[in-house]
Colleague: 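What follows is a single structure, and I will ask about it in a moment.
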Number of protein chains: 2
Amino acid sequence: MAATLRQLEYLVTVVDTGSFTRAAEQLHVTQPALSHQVRALESALGGPLLERLPRAVRPTPLGRAVLPHARAVLADAQRLHAAARRTAGLEDGELEVATVHSIALGILPPVLRAWRRRYPAVRIRLREYPHADLLRAAMAAGGADLAVGPVPTDWDGPVRELGVEEFALVLPSDDPLANPPDGALPLSALADRDWVHYAPGHGLAELLDQSCARAGFLPRPAVRTEQTAAAPMLAAAGLGPALVPATILPPTLDAAVLHPHPPIHRPLAAYTRTRPDHLTTTFTEILATHTRLTAGNPQSSAGRTAHIDCAD
Amino acid sequence: MAATLRQLEYLVTVVDTGSFTRAAEQLHVTQPALSHQVRALESALGGPLLERLPRAVRPTPLGRAVLPHARAVLADAQRLHAAARRTAGLEDGELEVATVHSIALGILPPVLRAWRRRYPAVRIRLREYPHADLLRAAMAAGGADLAVGPVPTDWDGPVRELGVEEFALVLPSDDPLANPPDGALPLSALADRDWVHYAPGHGLAELLDQSCARAGFLPRPAVRTEQTAAAPMLAAAGLGPALVPATILPPTLDAAVLHPHPPIHRPLAAYTRTRPDHLTTTFTEILATHTRLTAGNPQSSAGRTAHIDCAD
DNA sequence: CCCCAGCCATAAACTGTGTGCATGGCAGCA
DNA sequence: TGCTGCCATGCACACAGTTTATGGCTGGGG
């Protein structure tokens, strides 16, 4: 009833070689098999496609009408196979990566640069979420091929741990507390300050609140920003202290950048729902290699580091 | 090993419906058949194309790379089937018609006009030959879908007779023989004239020679033209008498147009190698309807008409 | 926690399709 | 005339596609 790719290939080869016998040789089938398939195609399309002359074949008007389309179908099929090969060989394709805003700002740019240098033809598509819980939910629902963010809770797919992300305190350069001994400052020293806070639902709002709660106070918000990148800028401008991932700080920021004491860390991971394919695996390797994180496992430093709930 | 059209259709439908179950319904197959075919396609292309989520399916990077090509294949296959339908319905396609020069000049133009009015989308491709024997040989060798010309000798394919083509004598208007009684002139009256002849190998050269031989003389050529259409013009200009198919005479020719006596006819036919398809048959019907030929069968008038060898 | 519905995968049996071998018919050539 | 080349047809077999039956997993509701 419907034409098959094989039949179309047979027809085109018969026309190109000018004979059933030569086409059969070229296609490594027997002449009767070929004859039978072309006949079936003629039946499917409603009439003879080829006129069988004593020493040649000749396309009929119907055959001539159909031939260019047959060639197009076969060319498309070849492109399909070529695209599959290229994607498998990391010479084409697109990977969808989901992450939280701060990681998109801090950790991923150098990783994407390295990726682009190594696999220039494979595109990366970024999907950003304001909170690690939203990231996790979206990932569970199929929102991307790979998620990069705080280690997800109750995740039964493969998880690749990347290391821990450090947080920094940002104050104006001329703040009285801008130069503490060894550059470390307890959060409690800023208990009476108004803070550069994050908008409700932003993962770092939750992290800030919890960290301050542990230091015995509730941070009063001077301003709430939805943009992670704005926090250090606002702190530098004197709106109040900000707690930000160290990786998002611009190198040229004119501000005091201090270590919270005790340190505030957050373990990060790359995770997928199912066993990742070659493309996803390769990206994860580049990610692990080029990520500017503190090496180590939060469990091994649990005795000396504040253990925080992982949120963005 | 190789993807099949069916597998590609299955893949695209699963992606478009978002589920194997719905795709199976839409395609009128069972879900396991669909599952099995998509699996086979994944095996053929070297990896998973779809990620099976609990309530959805999601294309993998490989699947996403392949999908546009799969759609292209299916679209071209649809165009192929559509082209076949259109050609069968005389809404598309191209017919190759072989003929001799004089018929291309005289009989075919009004036929092609009528064809174009009736089937505007079906193109006609003309192949012209100087001699009916060349036409016949080319047709035997597959040179066109349909031949229109003098009835071929020893032809075992289908032959459709179209009627007989009359020949006319052309003289200058002021020729002493320009106004014979009842417009008929025996060829012998022009025995001492130099004639507008045709180039060697031109079918009408042979016809002229034979017609004159029957009248008892050999025509001396004043000029030999390769162009059939030039003959009446040269005769009108006074180069000598010309014998031409009546159908090629322009309506506005300033010349004496006489009937040879006895009349010179030539039976014409349309012929194919094998049983013609619908397109060819329809064209032949239009040809038979619109051809400006003398109705009749050369056999029925054999007693009163010079029977000539058919050449162009 | 259990039950149910929805969804996809797998196995086995059956049906449909593609292929090779054998054979025959036709045309062209020596 | 005989031989070769070429395509079509018939039959048997192997492979591919499909259905029926079954099972496993997830999510939602009681």
Side-chain angles (χ1 to χ4, degrees), chain A residues 1-11 13-44 48-60 63 136-137 139-142 154-157 273-275, chain B residues 1-11 13-44 48-60 63 136-137 139-142 154-157 273-275:
Chain A
M1 187 80 280
T4 67
L5 279 176
R6 181 164 293 171
Q7 287 168 346
L8 298 179
E9 184 186 15
Y10 285 3
L11 173 69
T13 306
V14 171
V15 170
D16 288 350
T17 58
S19 106
F20 278 73
T21 309
R22 281 198 294 275
E25 284 165 13
Q26 185 166 316
L27 293 162
H28 305 299
V29 296
T30 59
Q31 171 265 319
L34 186 61
S35 180
H36 191 259
Q37 287 303 308
V38 172
R39 273 274 182 239
L41 182 57
E42 287 173 322
S43 177
L49 300 168
L50 300 174
E51 197 182 341
R52 279 77 159 171
L53 302 175
R55 288 293 143 96
V57 299
R58 185 175 177 280
T60 61
R136 184 197 183 285
M139 189 58 189
D154 295 323
W155 190 261
D156 52 7
R273 288 175 297 275
T274 58
R275 181 171 163 278
Chain B
M1 186 83 269
T4 67
L5 280 175
R6 181 166 297 170
Q7 287 167 348
L8 297 181
E9 185 186 15
Y10 286 2
L11 173 69
T13 307
V14 171
V15 171
D16 289 349
T17 58
S19 106
F20 278 73
T21 310
R22 280 199 294 275
E25 284 166 13
Q26 185 168 317
L27 292 164
H28 304 300
V29 296
T30 59
Q31 171 266 317
L34 189 60
S35 180
H36 190 261
Q37 287 302 308
V38 172
R39 273 270 182 246
L41 182 57
E42 287 173 324
S43 175
L49 300 169
L50 299 174
E51 199 181 342
R52 280 76 157 171
L53 301 175
R55 288 293 143 98
V57 298
R58 183 177 177 278
T60 61
R136 184 197 183 286
M139 189 60 189
D154 295 324
W155 189 260
D156 54 8
R273 289 175 296 276
T274 59
R275 181 170 164 278

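Keep in mind that the numbers below use all heavy atoms, side chains included, and drop hydrogens, waters and symmetry copies. Below, read A as the first sequence line, B as the second, and so on, with proteins coming before strands; counting in each chain starts at 1.
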Colleague: Establish, with yes or no, whether the OP1 or OP2 oxygen of D:dC7 is under 4.0 angstrom from a side-chain nitrogen or oxygen of A:Thr21.
Modeller: yes

Colleague: Who are the salt bridge (charged side-chain N to carboxylate O under 4.0 Å, His left out) partners of A:Arg273, not counting sequence neighbours?
Modeller: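 Testing A:Arg273 for salt bridge (charged side-chain N to carboxylate O under 4.0 Å, His left out), a comparison that skips the adjacent residues, returns B:Glu51.
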
Colleague: Report the distance from atom CG of B:Leu27 to atom P of D:dT19, rounded to the nearest whole Å.
Modeller: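 Roughly 11 Å, once rounded to whole Å.
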
Colleague: Quick one: list whatever passes side-chain contact (heavy atoms from CB on, under 4.5 Å) with B:Thr13, sequence neighbours left out.
Modeller: B:Glu9, B:Thr17, B:Ala23, B:Gln26, B:Leu27

Colleague: For A:Thr4, enumerate each residue passing the side-chain contact (heavy atoms from CB on, under 4.5 Å) test, keeping only those at least two apart in sequence or located in another chain.
Modeller: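 In terms of side-chain contact (heavy atoms from CB on, under 4.5 Å), with neighbours along the sequence ignored, A:Thr4 is linked to A:Arg6, A:Gln7.
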
Colleague: Quick check on D:dC6: is either OP1 or OP2 less than 4.0 Å from any side-chain nitrogen or oxygen of A:Ser19?
Modeller: no

Colleague: Measuring from A:Ser35:OG to A:Leu50:CG, what's the distance to the nearest 0.5 Å?
Modeller: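 Rounded to the nearest 0.5 Å, the OG-CG separation comes out at 10.0 Å.
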
Colleague: Quick one: side-chain contact (heavy atoms from CB on, under 4.5 Å) partners of A:Arg39, sequence neighbours excluded?
Modeller: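 Counting only residues at least two positions away or on another chain, A:Arg39 forms a side-chain contact (heavy atoms from CB on, under 4.5 Å) with A:Glu42, A:Arg52.
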
Colleague: Return whichever of B:Asp156 or B:Ser35 has its heavy-atom-nearest nucleotide of DNA chain C closer to the 5' end.
Modeller: B:Ser35

Colleague: Which value, rounded to the nearest 0.5 Å, describes the distance between B:Leu34 atom CG and B:Arg22 atom CZ?
Modeller: 12.5 Å

Colleague: Using a cut-off of 4.0 Å between protein heavy atoms and nucleotide atoms, how would you tag nucleotides 18-25 of chain C 5' to 3' with B, S and -?
Modeller: SBBBB---

Colleague: What is the distance, to the nearest angstrom, from the CZ atom on B:Arg273 to the C1' atom on C:dG28?
Modeller: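 Distance check: B:Arg273 CZ to C:dG28 C1' gives 17 Å.
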
Colleague: Just the rounded figure in Å: distance from P of C:dA27 to CG of B:Asp154.
Modeller: 14 Å

Colleague: If I take atom CZ in residue A:Phe20 and atom P in nucleotide C:dC26, what distance separates them, rounded to the nearest angstrom?
Modeller: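 Roughly 18 Å, once rounded to whole Å.
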
Colleague: Quick check: does any side chain N or O of B:Thr60 sit under 3.5 Å from a backbone N or O of B:Leu49, one acting as donor and the other as acceptor?
Modeller: yes

Colleague: Counting just side-chain N and O atoms, does B:Arg22 come under 4.0 Å of either OP1 or OP2 of C:dG6?
Modeller: no

Colleague: Please list residues of residues 48-59 of chain B whose heavy atoms come under 4.0 Å from any atom in DNA chain D, ordered by number; otherwise none.
Modeller: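 Only B:Pro54, B:Arg55 qualify.
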
